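Working notes for the structure below.
Residue numbering restarts at 1 for every chain, and letters A, B, ... go by the order of the sequence lines. Predicted, not measured: the structure shown is a model, and the values here were computed from it.
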Amino acid sequence: MLGCILIRKYHGQIYAGVITETEAYCGPHDLASHACLDGPRGRRASRGRTPRTATMFGPPGHIYIYLIYGMYHCLNIVTEKNNYPAAVLIRAAQVWPPIAIKNFALKKLRFLAPLPNKLTNGPGKLCNFFHIDRSLNTAALSVKNGLWILPRVKPPRRITTAPRVGVDYAGKYRDKPWRYIAVG
DNA sequence: CGCGGGATTGACT
DNA sequence: GTCAATCCCGCGT
């Protein structure tokens with residue numbers, strides 16, 4: 001997904017950005033995942049298959065959104081087949097100023113200056129900018145639903161990996177290099 | 001219905 | 001790198 005273009009249609013405007021940072025949450029044994037079925041946390045509240053995480057067990061291409069710390073939303077895309085919980089968290093994007101829907105064409109973005117990275121350099125801030133909240137949870141990525149992703153025009157020059165953020169509790173999965181950062 | 005924890009952020013060293 | 005403010009809501013009772 002790095003380098004692909006995230007597009008949001010909301011209140012007469014188009015918001016667009018190139019995805020620059022992601023994290024993978026991989027299956028029922030990933031101790032960092034909300035959907036993990038293993039280990040002590042699997043038996044704790046809000047882990048495993050619950051009403052909140054049900055989306056992760058659904059079909060790929062759907063949108064998993066949850067509220068974190070009571071105030072931020074996080075955008076994830078479900079990536080695997082039904083009943084196999086996996087998703088990609090979109091952590092950051094390079095965005096442009098919103099464009100009126102009637103004027104929108106991807107080519108126009110080339111003539112606009114990208115906005116400062118500070119607006120969308122974290123998953124909570126990214127959702128704020130794109131006006132994304134839980135009303136989109138379980139929806140399919142689609143133009144109809146106002147949120148979709150276009151293939152990348154060109155791949156990132158380089159991709160680095162790093163451990164995922166904020167998952168110190170995840171045991172042997174804590175340091176898995178499943179955070180992906182586009183460089184260039 | 002009450003408790004507890006968090007896939008963050010911003011300020012700071 | 002560290003730290004804590006913050007508060008909603010999922011979950012177990």
Side-chain angles (χ1 to χ4, degrees), chain A residues 1-4 6 8 15 17-81 83-95 114-141 147 149 159-183:
Chain A
M1 287 168 57
L2 289 178
C4 295
L6 180 69
R8 169 75 164 137
Y15 300 80
V18 172
I19 296 168
T20 56
E21 185 178 335
T22 60
E23 280 177 7
Y25 289 84
C26 306
H29 308 298
D30 179 358
L31 292 169
S33 171
H34 291 173
C36 183
L37 301 174
D38 292 345
R41 299 195 72 83
R43 291 184 286 281
R44 304 231 353 226
S46 78
R47 292 274 150 181
R49 191 171 196 153
T50 70
R52 179 176 67 134
T53 63
T55 313
M56 285 188 73
F57 291 81
H62 284 233
I63 302 162
Y64 172 48
I65 296 176
Y66 60 90
L67 188 64
I68 185 72
Y69 298 111
M71 51 182 124
Y72 300 108
H73 298 272
C74 287
L75 169 65
N76 302 254
I77 309 303
V78 178
T79 51
E80 299 287 341
K81 63 191 178 193
N83 295 313
Y84 188 91
V88 169
L89 169 67
I90 299 181
R91 293 191 58 87
Q94 178 211 68
V95 293
L115 291 177
N117 201 32
K118 286 173 176 279
L119 289 170
T120 48
N121 62 348
K125 292 155 76 174
L126 184 146
C127 282
N128 279 343
F129 179 84
F130 280 86
H131 296 100
I132 288 167
D133 62 31
R134 293 187 314 152
S135 63
L136 286 164
N137 185 43
T138 75
L141 281 175
L147 186 67
I149 291 176
I159 292 174
T160 62
T161 63
R164 294 171 293 180
V165 177
V167 297
D168 286 346
Y169 54 78
K172 66 179 181 181
Y173 283 81
R174 185 187 63 180
D175 298 317
K176 296 280 187 190
W178 291 347
R179 177 183 180 195
Y180 300 90
I181 303 160
V183 182

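- Of the inter-residue distances, the one linking Asp133(A) atom CG with Leu67(A) atom CG reads 9.5 Å to the nearest 0.5 angstrom.
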For nucleotides 6-8 of chain C, which of its nitrogen or oxygen atoms have a protein nitrogen or oxygen under 3.5 Å away, and what is each distance?
| from | atom 1 | to | atom 2 | distance (Å) |
| --- | --- | --- | --- | --- |
| dC8(C) | O4' | Gly70(A) | O | 3.4 |

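- Between the side chain of Glu23(A) and the backbone N or O of Val165(A), at least one donor-acceptor pair lies under 3.5 Å.
- From Lys118(A), atom NZ reaches atom CZ of Phe129(A) across 15.5 Å, with rounding to the nearest 0.5 Å.
- Distances shown here put a side-chain N or O of Tyr169(A) below 4.0 Å from the OP1 or OP2 atom of dA7(B).
- Distance, Leu31(A) CG to dA7(B) C1': 14 Å, rounded to whole Å.
- Of the side-chain N and O atoms in Arg91(A), one or more sit less than 4.0 angstrom from OP1 or OP2 of dT8(B).
- When the P atom of dA7(B) is taken as reference, atom CG of Asn76(A) falls 10 Å away, rounded to whole Å.
- Judged by distance alone, with hydrogens and angles left aside, the side-chain atoms of Asn137(A) form a donor-acceptor pair with the main-chain N or O of Ile65(A) at under 3.5 Å.
- Between the side chain of Asn121(A) and the main chain of Ala92(A), no donor-acceptor pair closer than 3.5 Å is present.
- dA7(B) atom C1' lies 16 Å from atom CZ of Arg174(A), rounded to whole Å.
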Show the distances under 3.5 angstrom between N or O atoms of the protein and N or O atoms of nucleotides 10-13 of chain B.
| from | atom 1 | to | atom 2 | distance (Å) |
| --- | --- | --- | --- | --- |
| dG10(B) | OP2 | Lys125(A) | NZ | 2.9 |

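- Protein atom CG of Leu126(A) is 17 Å distant from nucleotide atom P of dA7(B), rounded to whole Å.
- One finds the NE2 atom of His34(A) at 7.5 Å from the SG atom of Cys74(A) (value rounded to the nearest 0.5 Å).
- Taking a cutoff of 4.0 Å between a charged side-chain nitrogen and a carboxylate oxygen, Asp30(A) and Arg164(A) qualify as a salt bridge.
- Comparing the P positions of dT2(C) and dT6(C) gives an interatomic distance of 22 Å, to the nearest angstrom.
- Tyr173(A) contributes atom OH, which lies 7.5 Å from atom SG of Cys36(A) (distance to the nearest 0.5 angstrom).
- Side-chain atoms of Arg8(A) come within 3.5 Å of backbone N or O of Phe130(A) as a donor-acceptor pair.
- Distances were taken from every side-chain heavy atom of Tyr66(A) (C-beta onward) to each of dT9(B), dA7(B), dC11(C); the shortest belongs to dA7(B).
- Using modelled atom types, one side-chain atom of Thr53(A) and one backbone atom of Gly48(A) make a donor-acceptor pair closer than 3.5 Å.
- Between the CZ atom of Arg52(A) and the P atom of dG4(B) there is a distance of 18 Å, given to the nearest Å.
- Taking 4.5 Å as the limit, every side-chain heavy atom of Arg179(A) sits out of range of all side-chain heavy atoms of Thr161(A).
- With rounding to the nearest 0.5 angstrom, the NE2 atom of His131(A) is 13.0 Å from the CG atom of Leu147(A).
- Taking atom CD1 on Ile68(A) and atom P on dG10(C), their separation rounds to 12 Å, with Å as the unit.
- Across the protein-nucleic acid pair, Ile90(A) atom CD1 and dA7(B) atom P stand 17 Å apart, rounded to whole Å.
- To the nearest angstrom, P of dA7(B) lies 15 Å from CZ of Arg179(A).
- Evaluation of Tyr25(A) against the base of dA7(B) yields a stacking contact (centre distance < 5.5 Å, interplanar angle < 30°).
- Of the P atoms belonging to dC7(C) and dC3(C), the separation is 22 Å, rounded to the nearest Å.
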Secondary-structure notation, DNA chain B, from Watson-Crick and G-U pairs under 3.5 angstrom (| other strand): ||||||.|||||.
